[in-house]
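To keep things clear, I will list the structure first and then write my remarks on it.
A, B, ... follow the sequence lines: proteins, then strands. Residue 1 opens every chain. Keep in mind that the numbers below use all heavy atoms, side chains included, and drop hydrogens, waters and symmetry copies.
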Amino acid sequence: MTITVSGEETSVEAGTTGAALFADQKTTVVMRVDGELQDLSREIPAGAAVEPVDVAEQDGLNVLRHSAAHVMAQAVQQLFPGSKLGIGPYVTDGFYFDFDVAEPFTPEDLKTIEKAMQKIINQGQRFEREVVSEEEAKRAMADEPYKLELLGAGDDADETAEGAGVEVGGGEITIYHNVDRNGERVWADLCRGPHLPHTKLIANAFAVMRSAAAYWRGDQNNQQLQRLYGTAWPTKDDLKAYKERLAEAERRDHRRLGVELDLFSFPDELGSGLPVFHPKGGIIKREMEDYVRRRHIEEGFEYVGTPHISKDVLFHTSGHLPYYADSMFPPLHVDEERDAEGNVTKEGQEYRLKAMNCPMHNLIYRSRGRSYRELPLRMFEFGSVYRYEQSGVVHGLTRVRGMTQDDSHSYVTREQAPAEVEHLLGFVLSLLRDFGLHDFYLELSTRDEDSEKFIGTEEQWEQATDVLRRVAEDTGLELVPDPGGAAYYGPKISVQARDALGRTWQMSTIQYDFNQPTRFGLEYQAADGSRQEPVMIHSAKFGSIERFMGVLVEHYAGAFPAWLAPVQVRAIPVAEPFNDYLAEIVKRLKTRGVRAELDDGTERFPKKIRTASKDKVPFVLIAGGDDHDADAVSFRFRDGEQENQVPVEEAIERIVTTIEQREV
RNA sequence: GCCGCCUUAGCUCAGGGGUAGAGCGAUUCACUCGUAAUGAAUAGGUCAUCGGUUCGAAUCCGAUAGGCGGCUCCA
């Protein structure tokens, strides 16, 4: 028969398997048959287009990890008889498997499981695919209640959790058996596959990473299972590189660097998720805010200010309550008066900490009549908002309970809306680039038809979503759909930025809102004298200053570009006699607005260099006899490079220019 | 909010039913002329908080607070 192998027509015997075809390719783990991933053990149908899938390519990695998940599950069921299987898909950089076990896994258990996995791998067990009927599958999985549930769910399984589709779905039902050296089936799982031909391909480049709890099918009303996360790679070196990447992420962790660089802290006395900024962190925050405020004003925004607290009726008007009551701090009851018997003589009032700025900006809009000539009317502020985040989700600066939003609201006519969205998106992207982030993609969050959370008519949603989609597509950036992710009042575009380590963070958001203007009765007088309702467009550029600072700390690994660095210049004399010489230069730098300081401590020279290096100061200025005689200074940069005897004038100009140009 | 783990000096951590240790940091003194650690001395802890068990608790148990890893959530 004739088949096409990697684009070339070839003639092979009927019944040829992938294993036979790619026998000499040791790192081929599965094959793509007419675009579909299949086990190598399967026969290739006549006329098919086939290509080998290498373990190192994404599809191959996924198969490797999914197979490793099976091995882990086999090990767990060996060690913990009676444990029940949940799902076990591959995920980015690894895999997990959920188990219903009597006791949660301990750290020792993880090591034991890893050892048992190694044993299974060393046995070189084969993965064997069996096509079964639904009845057969139910019989085979009689002891696995969760698998039975998935069988019942059928093709819906894809929606139950990330990766659940690997279990069932996609037409026929299959069971994968692990077969030992003697040809005996030793373990089985309901699974769509495909899998590696045998376990030896997992080699010893795998690890059981951690355990955690997870809700069955991602629903918090369901049973909580124990999830084991693992990782697997084609080679030991890949595994090592992955672990090194994790270690690097840990070194860059903004929570760690925040302490080391004395930027911010989270005093227990304040409560969870409430940061305080120390002087050095305060400089970074202020530089960020100053720059962003200036740019907003350049872009036609007007800076406004609103309080941190208000009567809670405001949030009823906006529609945020009762939808989001759970994530707002509980109300404060004030102004109530009682007589001696305890009877209420004056009704009190409920106040709420502000969780969003838009209702207050609406009040500014409404404070007087508005003309179409004023639109677009753009209000902007650094609004302090407080959200009662659940205790388990608070995380460093990236998830806090008190934060500063760089929040703006553009009030426009319906006709102006597309142009304003475009304007905002361009502005947001330019700001992110100014802060050193260059790798983005967009997410379009829309309403979920089935949810009652979303208000407004279908036409309104469609129109708004259309506007956002068109503008997003015009950027040429990757656009990822996020159905059901919209706010209750309208769809949103969010910008996801990738940092230096390739991790993504939701930063900016642009939301199209046709609901709040109605709820607040906002209007403007049109050219024809009629009263019209504006559309409002919400936009947060960094999301929150706190989160963005956390991202920046990690992106730059604490080595901020000069314009953001808390200390821009540290002057270090080679020995004490040069203190005065450098003190004079520091003074001149300070008059130019440079954050410069002299290290006139009693430590010796090399120690001061080391300290400056650990502090990640961008410019170290050194002066000794040679410099003094030449009326010069020497530079030492963060990468260890040095440049000696630069004339003082020139050195100052270079530092000032670098800061002004916001160069790294 | 849920599951598990953790909380000892400013930081990183060791120890462990008989009232505490190291390194770094800090302070002081001496030293100090060329690019990542000079030396010595000193100070610093109700072992998160509260309660229980015990002759005795930092150590064991419980509660609370805070943190970490996930899950759920994220206007």
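When the nucleotides A36(B), G34(B), C33(B) are ranked by their closest atom to the side chain of Ser634(A), G34(B) comes out on top. Listed nucleotides G70(B), G1(B), G34(B) differ in distance to Gln220(A); the shortest reach to its side chain belongs to G1(B). When distances run from any side-chain atom of Gln224(A) to the nucleotides U32(B), G70(B), A36(B), the shortest one goes to G70(B). Picking from C11(B), U35(B), G34(B) the nucleotide with the shortest atom distance to the side chain of Asp627(A) gives G34(B). In the set A37(B), G1(B), C3(B), G1(B) carries the atom at the smallest distance from any side-chain atom of Ser391(A). In this structure, of C33(B), C31(B), C3(B), it is C33(B) that holds the atom nearest to the side chain of Val574(A). Comparing C33(B), C11(B), C3(B) against the side chain of Pro104(A) picks out C3(B) as the nearest. Nearest nucleotide to the side chain of Val393(A), out of G34(B), C73(B), C31(B): C73(B).
Side-chain atoms of Tyr215(A) come within donor-acceptor range of the base of G1(B), with a qualifying N/O pair under 3.5 Å. The base of C68(B) has none of its N or O atoms less than 3.5 Å from a complementary donor or acceptor on the side chain of Arg255(A). With hydrogens and angles ignored, a donor-acceptor pair closer than 3.5 Å exists between the side chain of Arg399(A) and the base of C74(B). Looking at Ser211(A), its side chain has no donor and acceptor atom pair within 3.5 Å of the base of G70(B). You'll find a donor-acceptor pair under 3.5 Å spanning the side chain of Arg636(A) and the base of U35(B), going by distance alone. Side chain Asp268(A) to base G67(B): no donor-acceptor pair is found below 3.5 Å. With hydrogens and angles ignored, no donor-acceptor pair closer than 3.5 Å exists between the side chain of Glu389(A) and the base of C74(B).
Residue Lys608(A) is out of contact with every strand shown, counting any heavy-atom pair closer than 4.0 Å. Using a 4.0 Å heavy-atom cutoff across all strands shown, Thr611(A) reaches no nucleic acid atom at all. Note on Phe578(A): a base of the nucleic acid sits closer than 4.0 angstrom, heavy atoms only. Glu576(A) comes within contact range of at least one nucleobase, with a heavy-atom separation under 4.0 Å. Tyr229(A) comes within 4.0 angstrom of the backbone, heavy atoms only, and of no base. Among the heavy atoms of the strands, none lies under 4.0 Å from Thr509(A). Residue contacts shown for Asp326(A) are absent, as no nucleic acid heavy atom lies under 4.0 Å away. Backbone-only engagement by His395(A) is indicated by non-hydrogen atom pairs under 4.0 Å involving sugar-phosphate atoms exclusively. Residue contacts for Ala355(A): at a heavy-atom cut-off of 4.0 Å it reaches a base atom on one of the strands shown. Residue-level contact check: Ala214(A) touches the backbone only, with heavy atoms under 4.0 Å from sugar-phosphate atoms and none from bases.
Atoms CE (Met209(A)) and C1' (C68(B)) sit 15 Å apart, rounded to a whole Å. The separation between Asp599(A) atom CG and G34(B) atom P is 17 Å, rounded to whole Å. Following rounding to the nearest Å, Ile609(A) (CD1) and A36(B) (P) show an atom-to-atom distance of 7 Å. Across the protein-nucleic acid pair, Asp600(A) atom CG and U32(B) atom P stand 18 Å apart, rounded to whole Å. Going from atom CG of Asp615(A) over to atom C1' of G25(B) covers 12 Å, rounded to whole Å. For Leu582(A) and G34(B), the CG to P distance is 15 Å, given to the nearest whole Å. Look at CD1 on Ile572(A): it is 15 Å from P on C33(B), rounded to the nearest Å. Rounding to whole angstrom units, CG of residue Leu228(A) and C1' of C71(B) are separated by 14 Å.
Taking a cutoff of 4.0 Å between a charged side-chain nitrogen and a carboxylate oxygen, Lys111(A) and Glu114(A) do not qualify as a salt bridge. In summary, Arg570(A) and Glu597(A) engage in a salt bridge, as defined by a charged side-chain N under 4.0 Å from a carboxylate O.
Residues Asn357(A) and Gln405(A) have side chains in contact (heavy-atom distance under 4.5 Å, counting atoms from C-beta outward).
Remark: Ser272(A) is in phosphate contact with G67(B), judged by side-chain N or O atoms under 4.0 Å from OP1 or OP2. The shortest distance between the side-chain N/O atoms of Lys607(A) and the OP1/OP2 oxygens of G25(B) is below 4.0 Å. For the OP1/OP2 pair of G69(B) and a distance below 4.0 Å, the side-chain nitrogens and oxygens of Tyr96(A) include no atom meeting the criterion.
Comparing the C1' positions of C33(B) and U27(B) gives an interatomic distance of 27 Å, to the nearest angstrom. Nucleotides G21(B) and U42(B) are separated by 14 Å at their P atoms, to the nearest Å. Separating the P atom of A65(B) from that of U72(B) is a span of 24 Å, rounded to the nearest Å. When the P atom is used for both U59(B) and G52(B), the distance is 14 Å, rounded to whole Å. When the C1' atom is used for both C74(B) and C5(B), the distance is 25 Å, rounded to whole Å. When the P atom is used for both U12(B) and A48(B), the distance is 15 Å, rounded to whole Å. Rounded to the nearest Å, the gap between the C1' atom of C3(B) and that of G17(B) is 31 Å.
Residues Asp253(A) and Thr106(A) each lie close to RNA chain B; by heavy-atom proximity, the contact nearer the 5' end of the strand is made by Thr106(A). Each of Met328(A) and Gly271(A) lies near RNA chain B, and the nucleotide nearest Gly271(A) is the one positioned closer to the 5' end.
Ring-plane geometry between Tyr488(A) and Tyr323(A) is classed as parallel, the angle between the planes falling under 30 degrees on a 0 to 90 degree scale with a further cut at 60. Taking the six-membered ring where tryptophan is involved, the planes of Phe264(A) and Phe266(A) are perpendicular, since the angle between them exceeds 60° and thus also 30°.
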Could you give me the CA-CA distance, side-chain angles and deciding distance for Phe635(A) and Phe637(A), then say whether ring-ring contact (aromatic ring centres under 6.0 Å, His included) is met?
CA-CA 6 Å; Phe635(A) 277 103; Phe637(A) 303 102; 5.3 Å; yes
Audit row: Phe80(A), Phe99(A), ring-ring contact (aromatic ring centres under 6.0 Å, His included) steps and yes/no
CA-CA 10 Å; Phe80(A) 303 90; Phe99(A) 302 96; 8.7 Å; no
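Paired runs in RNA chain B that reach 3 or more consecutive Watson-Crick or G-U pairs, where each pair keeps both distances under 3.5 Å, cover B:1-7 with B:65-71, B:10-13 with B:21-24, B:26-30 with B:38-42, B:48-52 with B:60-64.
For the residue pair Asp93(A) / Thr231(A), no side-chain donor-acceptor distance below 3.5 Å is found, with atom types taken as modelled.
For the pair Lys541(A) and Phe301(A), the cation sits on the ring face: its NZ or CZ lies under 6.0 Å from the ring centre, inside 45° of the axis. Cation-pi geometry between Arg227(A) and Tyr96(A) is met: the NZ or CZ atom falls under 6.0 Å from the ring centre, inside 45° of the normal.
The number of heavy atoms from other shown groups lying within 6.0 Å of CZ (Phe329(A)) is above 12.
Screening Arg378(A), Gln511(A), His538(A), Gln516(A) for a side-chain hydrogen bond (donor to acceptor under 3.5 Å, both in side chains) involving His409(A) leaves a single residue, His538(A).
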